[in-house]
Colleague: 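Here it is: the structure, laid out below.
Starting from 1, each residue takes its place in the sequence as its number. In each ligand, atom 1 is the first atom listed, and ligand 1 is the first ligand listed.
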Amino acid sequence: MVNLSIIIPAYNEQNRIASRLEECLRYFRKQKYSFEIIVVNDGSTDKTIDVVKKFKDIKLVNYFPNHGKGYAVRTGVLKAKGKYILFSDADMSTPIEELGKLIGFIRDYDLVIASRALKESKVNTLGYRKFLGRIFNLFVNLLVVPGVKDTQCGFKLFKRGAALKLFNKQRIERWAFDVEILFLSKKLGYKIKEVGVEWNHFDHNGVTPTGESFKMLKEIFKIRWNWILRRYK
Ligand code: UDP
Ligand code: MG
């Protein structure tokens with residue numbers, strides 16, 4: 001069995017994914033545990049596949065067309081062999097070195113999630129993004145997951161059992177899937193630890209949650225609705 005699986009969802013990442021994968025490999029080769037890196041190509045229309053295929057030590061999962069980050073992460077998680085499973089954005093907005101901090105807690109928690117909203121977080125981003133993020137968190141806290149300060153940071157570590165259970169129940173395929181996963185974690189009584197990390201904003205694609213705030217809000221209501229209709233059984 002592999003100790004750690006890292007799942008990287010990738011949609012049109014041809015320009016930045018190679019350097020990020022090299023960083024990842026450099027980091028993991030220095031660690032004492034065994035690992036596997038799984039890139040899930042979420043229906044990219046650029047050359048992401050060709051770029052990733054050059055990495056012999058990285059597993060590539062492919063499908064077409066694009067389904068959304070939530071769907072991509074689930075596809076990777078369900079293929080992962082690791083005792084622990086991390087998913088990370090392809091742009092490495094949270095530098096991979098931050099993983100050490102999360103691993104420090106995973107023994108005592110079911111999931112350990114990176115956070116941009118704690119005192120010790122170091123966030124480099126644009127003012128309006130910070131502002132939108134706060135409003136979003138406020139809504140999420142009121143409506144679905146009280147107590148989690150930042151649900152959206154793309155860097156989350158799970159114990160295998162928890163990850164499989166959660167992603168098998170997941171229904172939201174796009175941006176709000178993090179919220180759904182955390183909502184379900186609370187319902188299942190899982191222990192969640194939020195850890196402050198460094199986070200750097202990198203612009204790209206234009207397919208960012210900021211442009212999709214309204215759709216996300218709709219997804220948040222859908223989580224509540226799904227719960228009422230007992231769709232998570
Ligand atoms: N992503 C994906 N499918 C999509 C959109 C994005 O798999 O339909 C991936 C993307 O390749 C990246 C992660 O989700 O690894 C986060 O996307 P991005 O960095 O564009 O989001 P932002 O940092 O702007 O929130
Ligand atoms: Mg990003």
Side-chain angles (χ1 to χ4, degrees), residues 5-24 37-52 55 58-80 85-96 98-99 113-117 121-137 140 150-157 167 170 172-181 197-217 219-220:
S5 300
I6 155 162
I7 314 298
I8 303 177
Y11 176 59
N12 291 350
E13 296 283 0
Q14 64 173 20
N15 295 329
R16 56 187 187 184
I17 199 166
S19 63
R20 291 344 195 260
L21 292 177
E22 275 156 23
E23 272 168 42
C24 255
I37 301 176
I38 302 176
V39 173
V40 183
N41 173 39
D42 184 26
S44 299
T45 48
D46 69 355
K47 300 234 155 39
T48 299
I49 300 187
D50 303 327
V51 175
V52 179
F55 290 82
I58 290 179
K59 296 175 186 164
L60 174 63
V61 179
N62 250 314
Y63 56 76
F64 197 85
N66 172 262
H67 275 274
K69 179 180 170 186
Y71 185 93
V73 171
R74 176 177 55 199
T75 304
V77 166
L78 299 182
K79 288 200 187 315
I85 301 175
L86 171 84
F87 74 77
S88 166
D89 286 352
D91 53 7
M92 302 283 145
S93 278
T94 303
I96 191 66
E98 297 289 70
L99 176 59
I113 65 173
S115 177
R116 298 164 294 186
S121 313
K122 270 199 255 146
V123 179
N124 305 307
T125 189
L126 311 169
Y128 83 95
R129 275 203 155 230
K130 258 190 197 165
F131 178 72
L132 282 174
R134 285 211 186 112
I135 305 253
F136 182 78
N137 282 328
V140 168
D150 176 16
T151 55
Q152 295 315 106
C153 193
F155 200 76
K156 294 183 170 71
L157 178 66
F167 282 94
Q170 176 202 11
I172 306 275
E173 297 190 341
R174 291 195 181 271
W175 297 110
F177 84 98
D178 297 76
V179 177
E180 186 183 44
I181 290 294
V197 294
E198 178 186 328
W199 195 88
N200 305 295
H201 172 69
F202 299 111
D203 232 345
H204 139 267
N205 287 347
V207 200
T208 59
T210 29
E212 309 221 318
S213 311
F214 183 68
K215 273 192 219 152
M216 258 171 107
L217 207 57
E219 288 181 347
I220 303 279

Colleague: Protein N, O or S atoms less than 2.8 Å from the Mg ion (ligand 2), ignoring waters?
Modeller: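 Result, waters dropped: Asp91 OD2.
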
Colleague: Among Ile49, Val61, Val51, Leu60, which one satisfies side-chain contact (heavy atoms from CB on, under 4.5 Å) with Val39?
Modeller: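 Among Ile49, Val61, Val51, Leu60, the one that satisfies the side-chain contact (heavy atoms from CB on, under 4.5 Å) with Val39 is Leu60.
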
Colleague: Where do Asp46 and Glu13 come nearest, in terms of heavy atoms and distance?
Modeller: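 So the minimum-distance heavy-atom pair works out to OD2-N, 3.4 Å.
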
Colleague: Should Gln152 be listed as contacting ligand 1, given a heavy-atom distance under 4.0 Å as the test?
Modeller: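 Under 4.0 Å: no for Gln152.
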
Colleague: Just to check, does Met92 reach to within less than 4.0 Å of ligand 1 when the distance is taken from its heavy atoms?
Modeller: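 Contact absent.
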
Colleague: Could you list the residues that satisfy side-chain contact (heavy atoms from CB on, under 4.5 Å) with Thr45, not counting sequence neighbours?
Modeller: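 With sequence neighbours excluded, Thr45 shows a side-chain contact (heavy atoms from CB on, under 4.5 Å) to Asn12, Phe64, given in chain and number order.
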
Colleague: For Asn66, which part has a heavy atom under 4.0 Å from ligand 1: side chain, backbone, both, or neither?
Modeller: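 The answer is the side chain.
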
Colleague: Starting from the C-alpha separation in whole Å, work towards a yes-or-no answer on side chain to side chain contact (heavy atoms under 4.5 Å, CB included) for His201 and Arg129.
Modeller: CA-CA 9 Å; His201 172 69; Arg129 275 203 155 230; 3.2 Å; yes

Colleague: Classify the ring geometry between Phe167 and Phe177 as parallel (under 30°), tilted (30 to 60°) or perpendicular (over 60°).
Modeller: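 Geometry flag for Phe177 against Phe167: tilted rings.
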
Colleague: So for Ser93, does at least one of its heavy atoms come nearer than 4.0 angstrom to any atom of ligand 1?
Modeller: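 Heavy atoms of Ser93 never come under 4.0 Å of ligand 1.
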
Colleague: Using a strict 4.0 Å cut-off to heavy atoms of Arg174, name the atoms of ligand 1 that fall inside it.
Modeller: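 It comes down to these atoms of ligand 1: 8 (O).
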
Colleague: Check each atom of ligand 1 against the heavy atoms of Ala90 and keep those under 4.0 Å away; list them by number with element.
Modeller: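 Checking each atom against Ala90, I get 12 (C), 15 (O).
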
Colleague: Flag Asp42 as yes when one of its N or O atoms lies below 3.5 Å from any N or O atom of ligand 1, and as no otherwise.
Modeller: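 Among all N and O atoms of Asp42, at least one is under 3.5 Å from an N or O of ligand 1.
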
Colleague: Is Glu173 in contact with ligand 1, taking contact as a heavy-atom separation below 4.0 Å?
Modeller: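 No, Glu173 has no heavy atom closer than 4.0 Å to ligand 1.
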
Colleague: Assess whether side chain to side chain contact (heavy atoms under 4.5 Å, CB included) is satisfied between Val179 and Gln152, documenting all intermediate values.
Modeller: CA-CA 7 Å; Val179 177; Gln152 295 315 106; 3.3 Å; yes

Colleague: Just jot down the ligand 1 atoms closer than 4.0 angstrom to any heavy atom of Glu13, in number order.
Modeller: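 Near Glu13, meaning under 4.0 Å from one of its heavy atoms, ligand 1 has 10 (C), 11 (O), 12 (C), 15 (O).
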
Colleague: For Arg16, counting its heavy atoms only, list the atoms of ligand 1 lying under 4.0 Å from any of them.
Modeller: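 Contacts of ligand 1 toward Arg16, numbered from 1: 19 (O).
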
Colleague: Are any of the side-chain nitrogens in Asp89 or Lys69 under 4.0 Å away from the carboxylate oxygens of its partner?
Modeller: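 Yes, this pair counts.
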
Colleague: Check Cys24 against Ile8 and note the closest heavy-atom contact, atom names and distance.
Modeller: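 Between these two residues, the closest heavy atoms are SG-CD1, 4.5 Å.
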
Colleague: So, 4.0 Å and heavy atoms of Trp175: is ligand 1 close enough to count as a contact?
Modeller: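 It does, in that a heavy atom of Trp175 comes within the 4.0 Å cut-off of ligand 1.
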
Colleague: Please verify the inter-ring angle class for Tyr63 with His67; under 30° counts as parallel, over 60° as perpendicular, anything in between as tilted.
Modeller: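 Geometry flag for His67 against Tyr63: perpendicular rings.
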
Colleague: For Asp91, take its heavy atoms, then give the atoms of ligand 1 lying under 4.0 Å from any of them.
Modeller: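 Once the distances to Asp91 are compared, the set is 19 (O), 23 (O).
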
Colleague: As an exercise, identify every atom of ligand 1 less than 4.0 angstrom from a heavy atom of Asp89.
Modeller: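 Those atoms are 13 (C), 15 (O), 16 (C).
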
Colleague: Does ligand 1 have any atom sitting under 4.0 Å from a heavy atom of Gly68?
Modeller: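 Contact present.
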
Colleague: Search all heavy atoms of Gln14 against all heavy atoms of Lys47 and return the closest pair with its distance.
Modeller: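 Scanning both residues completely, I find the closest heavy atoms to be OE1-N, 2.9 Å.
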
Colleague: Determine the minimum heavy-atom distance between Cys153 and Ala114, stating which atoms define it.
Modeller: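 Result for this residue pair: CB-O, 3.3 Å.
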
